[in-house]
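As structure tokens, the structure follows; a few thoughts come after it.
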Protein chains: 2
Amino acid sequence: MPYDPSAFPPFAVTVDLVVLTVRRHSLCALAVRRGESPFQGRWALPGGFVRADEDLAQAAARELAEETGLSVHDPAAPAQDNGAHLEQLATYGDPGRDPRMRVVSVAHLALAPDLPAPRAGGDASNARWAPVEELLRQDDYGRDGEPVAPLAFDHARILSDGVERARSKIEYSSLATAFCPPEFTVGELRRVYEAVWGVALDPRNFHRKVTGTPGFLVPTGGTTTRQGGRPAQLFRAGGATLLNPPMLRPEV
Amino acid sequence: MPYDPSAFPPFAVTVDLVVLTVRRHSLCALAVRRGESPFQGRWALPGGFVRADEDLAQAAARELAEETGLSVHDPAAPAQDNGAHLEQLATYGDPGRDPRMRVVSVAHLALAPDLPAPRAGGDASNARWAPVEELLRQDDYGRDGEPVAPLAFDHARILSDGVERARSKIEYSSLATAFCPPEFTVGELRRVYEAVWGVALDPRNFHRKVTGTPGFLVPTGGTTTRQGGRPAQLFRAGGATLLNPPMLRPEV
DNA sequence: ATCATAGTCGTCTCCCTGACGATAAACACT
DNA sequence: AGTGTTTATCGTCAGGGAGACGACTATGAT
């Protein structure tokens with residue numbers, strides 16, 4: 001028995017992406033410039049319609065690949081490919097959040113290692129990594145003097161929620177390693193925490209904590225001096241996903 | 001300029017509710033019996049279509065009121081009305097999760113104090129509080145010998161995610177008080193933790209922890225003996241929403 | 001050679017937690 | 001009235017983890 005389509009209002013469903021990475025000691029998000037109305041010319045989060053035969057997670061992974069070329073890290077195959085972490089964030093469906101029609105957007109959060117350069121359909125000027133505090137600042141100007149209008153739609157809210165999720169989740173999970181290349185040093189991992197939280201951490205206590213948590217880090221045997229100073233051991237992310245006890249975020 | 005509706009596939013958007021409460025020392029969820037196909041006669045989570053002019057949170061609050069009579073606790077007016085806690089849980093949109101059509105369901109989690117009796121459109125036999133482990137058990141029989149088929153659609157997955165959210169969230173927030181009446185004792189709060197986590201907690205250490213955390217509990221001055229034994233102090237939930245350091249869930 | 005930089009190992013103290021003894025105040029029996 | 005049971009509440013003690021910070025190591029830059 002077919003269902004009566006007049007019994008419910010039709011919605012458009014999209015996925016929007018909060019793609020975070022750490023560049024030059026600051027937490028950055030991927031923003032794309034809108035080519036069409038509404039909010040034409042303004043920066044927005046990448047996203048698009050969910051297709052008829054597509055899962056929500058599939059749609060998010062497809063959009064992520066289209067915008068960045070990143071593949072999604074398979075949770076079943078831990079920590080070897082160069083893929084990103086992807087998880088559902090929240091869903092935004094206020095009537096009027098899109099002036100054209102009723103749109104429900106399922107936002108996703110992606111965490112990626114530092115990437116060479118963004119690409120949005122091949123046009124680099126229409127996509128960029130921007131520090132999140134710059135994207136969330138109201139009525140201000142970016143580094144190049146270009147006015148940084150608030151993000152289109154309710155994307156400032158979505159970005160803010162995504163950043164908050166990332167900040168809290170690296171406390172009790174090993175997710176911070178998703179910001180690192182496959183092999184990394186303790187200091188590089190610490191700088192990830194410092195950039196995401198916006199605080200300074202004691203290198204000695206941090207080193208003790210992460211190397212003392214079983215399953216968090218696995219030494220690869222190699223060393224590197226790419227950060228300068230004394231050579232540092234290289235590690236891979238271990239199998240542990242939950243940190244117990246958690247990493248403590250300093251007060252305020 | 002109107003938008004081209006042929007550019008995207010139409011979806012139906014619903015809200016489904018995981019309504020949790022603690023009854024007789026066990027964590028229970030609200031289930032309603034389906035009156036129509038598909039899954040006719042099977043138990044499901046309460047829910048319904050989002051209306052054209054309605055916010056997602058509004059739709060969830062409306063469904064909650066329709067099913068239980070509960071109003072939603074206003075986060076701005078802390079802890080005085082008898083309302084429930086309501087928050088968005090996650091969104092489920094697999095193609096084929098509803099055989100009739102493409103439906104995206106925005107699941108919400110509600111936590112409520114123990115209630116007299118459920119009501120589903122006035123028909124009590126079509127709604128009940130069931131222990132979650134009973135609803136999540138496959139191929140088994142309930143207390144009354146009635147077969148407890150798995151929940152309809154993907155609702156077992158949704159319920160499982162909601163329970164997991166509640167279990168982890170009472171660790172680091174004061175959310176467990178949402179399961180309690182406006183005034184409650186430390187022992188009653190402890191029994192909430194024990195029911196949700198399914199563990200036994202040391203009453204002395206629990207008492208020290210909750211009374212020693214600033215802003216968690218506010219004594220009302222009254223006492224009660226409704227649990228038997230020595231009279232216990234009555235408390236209200238304090239203003240603090242985050243518990244730092246968190247309540248520790250015992251190992252395994 | 002000296003300095004700056006980053007990494008790594010230790011130490012000390014404080015606080016929180018788990019384990020558990022002891023006392024207090026109600027009720028239900030006899 | 002006394003005794004047992006139940007629940008609440010206070011105290012004590014040992015161990016683990018975190019913050020603060022000293023000390024030493026191994027590179028490259030000047």
Side-chain angles (χ1 to χ4, degrees), chain A residues 22 24-25 170-172 180 183-195 197 199-235 240 242-252, chain B residues 24-25 170-172 180 183-195 197 199-236 240 242-252:
Chain A
V22 174
R24 283 183 265 100
H25 283 218
I170 65 173
E171 287 186 36
Y172 58 89
C180 295
E183 295 199 347
F184 53 89
T185 69
V186 172
E188 289 165 347
L189 184 62
R190 174 170 50 80
R191 280 180 280 275
V192 165
Y193 276 91
E194 291 178 334
W197 284 343
V199 298
L201 299 175
D202 185 287
R204 299 157 289 189
N205 292 336
F206 184 87
H207 189 277
R208 177 182 62 192
K209 172 70 177 173
V210 296
T211 57
T213 299
F216 191 9
L217 298 184
V218 178
T220 65
T223 60
T224 183
T225 61
R226 63 183 168 221
Q227 299 293 334
R230 171 176 165 180
Q233 271 190 86
L234 285 169
F235 294 88
L242 253 44
L243 258 45
N244 205 329
M247 185 83 62
L248 292 185
R249 181 167 12 171
E251 301 293 315
V252 184
Chain B
R24 283 183 265 99
H25 283 218
I170 64 172
E171 287 186 37
Y172 57 90
C180 294
E183 295 199 349
F184 52 89
T185 70
V186 172
E188 288 165 348
L189 184 61
R190 174 169 49 81
R191 280 180 279 275
V192 165
Y193 276 91
E194 291 178 334
W197 284 344
V199 298
L201 299 176
D202 185 289
R204 298 156 292 188
N205 293 336
F206 183 87
H207 189 277
R208 178 183 60 192
K209 172 69 176 172
V210 297
T211 57
T213 300
F216 190 10
L217 298 183
V218 178
T220 65
T223 61
T224 184
T225 62
R226 62 184 169 222
Q227 298 293 335
R230 171 176 164 181
Q233 271 190 85
L234 284 169
F235 294 87
R236 283 186 300 103
L242 253 43
L243 259 43
N244 205 328
M247 184 84 62
L248 291 184
R249 184 170 5 177
E251 301 290 317
V252 185

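Just so it is clear: chains get the letters A, B, ... in the order the sequence lines come, proteins before strands, and each one is counted from 1.
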Between Pro246(B) and Pro231(B), which has a closest nucleotide on DNA chain C that is more 5'? Pro246(B)

Mapping Gly229(B) and Phe235(A) onto DNA chain C by nearest heavy atom, which one lands closer to the 5' end?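 Checking each residue's closest nucleotide, the 5'-ward one belongs to Phe235(A).
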
Can you tell me the distance, in whole Å, between the [atom1] atom of [X] and the [atom2] atom of [N]?
X: Arg191(B); N: dT6(D); atom1: CZ; atom2: C1'; result: 11 Å
X: Arg204(A); N: dA18(D); atom1: CZ; atom2: C1'; result: 13 Å
X: Glu188(A); N: dT8(C); atom1: CD; atom2: P; result: 11 Å
X: Arg230(A); N: dA6(C); atom1: CZ; atom2: C1'; result: 9 Å
X: Glu171(B); N: dT17(C); atom1: CD; atom2: P; result: 13 Å
X: Asn205(A); N: dC9(C); atom1: CG; atom2: C1'; result: 12 Å
X: Asn244(B); N: dC16(C); atom1: CG; atom2: P; result: 11 Å
X: Arg249(A); N: dG19(D); atom1: CZ; atom2: P; result: 13 Å

What nucleotide among [options] has an atom nearest to a side-chain atom of [X]?
X: Leu248(B); options: dG18(C), dA22(C), dT8(C); result: dG18(C)
X: Gln227(B); options: dA18(D), dT9(D), dA8(D); result: dA8(D)
X: Arg190(A); options: dG7(C), dA8(D), dT8(C); result: dG7(C)

Please examine the side chains of [Y] and [X], heavy atoms only from C-beta on, and report whether any two atoms are closer than 4.5 Å.
X: Pro203(B); Y: Arg208(B); value: no
X: Pro250(A); Y: Trp197(A); value: yes
X: Thr220(A); Y: Phe235(A); value: no

Output the residues of residues 206-214 of chain A in contact with DNA chain D, where contact means a heavy atom of the residue under 4.0 Å from an atom of the strand; sort by number or write none. Arg208(A), Lys209(A)

Ignoring hydrogens and geometry, is there a side-chain-to-backbone donor-acceptor pair from Tyr193(B) to Glu171(B) under 3.5 Å?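 Absent.
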
May I ask you to decide if Gly228(B)'s main-chain N or O and Thr225(B)'s side chain share a donor-acceptor pair within less than 3.5 Å?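 Looks like no, no N/O pair under 3.5 Å.
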
Apply side chain to side chain contact (heavy atoms under 4.5 Å, CB included) to residues Tyr172(A) and Asn244(A) and explain how you reach the verdict. CA-CA 7 Å; Tyr172(A) 58 89; Asn244(A) 205 329; over 6 Å; no

Could you go step by step and tell me if Arg226(B) and Leu234(B) meet the side chain to side chain contact (heavy atoms under 4.5 Å, CB included) rule? CA-CA 11 Å; Arg226(B) 62 184 169 222; Leu234(B) 284 169; 3.7 Å; yes

